[in-house]
Amino acid sequence: MAKLKFEKHNDFFQQVYQVVRLIPKGKVTSYGAIAKYLGSAKSSRMVGYAMNNSHKQIPPVPAHRVVNRNGILTGKHFFAEENEMERLLINEGLSIKDNAIQNFEAYFWDPGQYLELNQ
DNA sequence: AAGGTGACAGTTT
DNA sequence: TAAACTGCCACCT
């Protein structure tokens, strides 16, 4: 497929937002997993950086479903209200303790796995 | 235009 | 074992 002249619209950030919006309710994923899914596994930091602007995206991006690879809620400080991230996750059925998702692996959602389901 | 930044992740002390 | 160091790269000023 030929490249479109307007492909510039496909920013790295936008791709990140797309993936994050695919995360099912009650599931979480990591920055690294998203970066890998987008083809640049070494750009995990950028994924986090992208989430900084996620609050002004339309439709909203469920940024609370993205944590680091240890299941730690490293980005909770960037939410409007304190503990908002934690509250949102709990509301989706997860349990949090000391900013860490309990039984993290059980709730982990790998974007790559989603790809397999659709091929 | 060039250099600084960071909601990470892997490696080394 | 845990803390510190470093690579990383798209975006921002």
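Convention: sequence-line order gives letters A, B, ...; per-chain numbering from 1. Here the structure is a predicted model, which is why all the values come from computation and not from measurement.
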*So which one's nearest nucleotide on DNA chain C is more toward 5', A:Tyr49 or A:Ser43?*
A:Ser43
*If you look at every strand shown and take non-hydrogen atoms under 4.0 Å, does A:Asn68 touch a base, only sugar-phosphate, or nothing?*
sugar-phosphate
_Separation of B:dT5 P from A:Met51 CE (nearest whole Å)_ = 23 Å
*asked:* Whole angstroms only, please: what is the CG-P distance between A:Leu38 and C:dC9?
replied: 14 Å
*For A:His64 and A:Glu86, does a side-chain donor sit closer than 3.5 Å to a side-chain acceptor?*
no
_Main-chain N/O of A:Lys56 paired to A:Asn53 side chain as donor or acceptor, under 3.5 Å_ = no
*Does a nitrogen or oxygen in the side chain of A:Asn70 sit under 4.0 Å from OP1 or OP2 of B:dA9?*
no
*Distance in angstrom units between A:Phe104 CZ and B:dC8 P, rounded*: 13 Å
*Can you name the one residue among A:Arg87, A:Lys25, A:Arg65 that meets salt bridge (Lys or Arg N to Asp or Glu O under 4.0 Å) with A:Glu92?*
A:Arg65
*Are any non-hydrogen side-chain atoms of A:Thr74 and A:Asn99 less than 4.5 angstrom apart?*
no
*Quick one: pull up OG in A:Ser95 and CG in A:Asn103 and give me the separation to the nearest 0.5 Å.*
7.5 Å
*Would you mind reading off the distance between A:Asn52 atom CG and C:dC9 atom C1', rounded to a whole angstrom?*
16 Å
*asked:* Measuring from the side chain of A:Tyr31 (C-beta onward, heavy atoms only), which nucleotide among B:dA7, B:dG6, C:dA10 has the closest atom?
replied: B:dA7
_Of the listed nucleotides (B:dA7, C:dC12, B:dG6), which one gets closest to any side-chain atom of A:Phe13?_
C:dC12
*A:Ser40 or A:Ser44: which one's nearest nucleotide on DNA chain C is closer to the 5' end?*
A:Ser44
*Could you state the atom-to-atom distance from CG of A:Asn53 to C1' of C:dC12 in whole Å?*
10 Å
*Let me know the distance between NZ of A:Lys42 and C1' of B:dT11, rounded to the nearest Å.*
13 Å
*Mind calculating the distance between CZ (A:Arg45) and C1' (B:dG4) to the nearest angstrom?*
11 Å
*Which of the following nucleotides, B:dA7, B:dA9, B:dG6, is nearest to the side chain of A:Met46?*
B:dG6
*Is A:Ala63 touching bases, backbone alone, or none of the nucleic acid, heavy atoms closer than 4.0 Å?*
base
*Return the nearest nucleotide to the side chain of A:Phe12; candidates are B:dA7, C:dC11, B:dC8.*
C:dC11
*Would you kindly give the CZ-to-C1' distance between A:Arg65 and B:dA7, to the nearest whole Å?*
17 Å
*Does the base of B:dG10 carry an N or O that pairs as donor and acceptor with the side chain of A:Arg69 under 3.5 Å?*
no
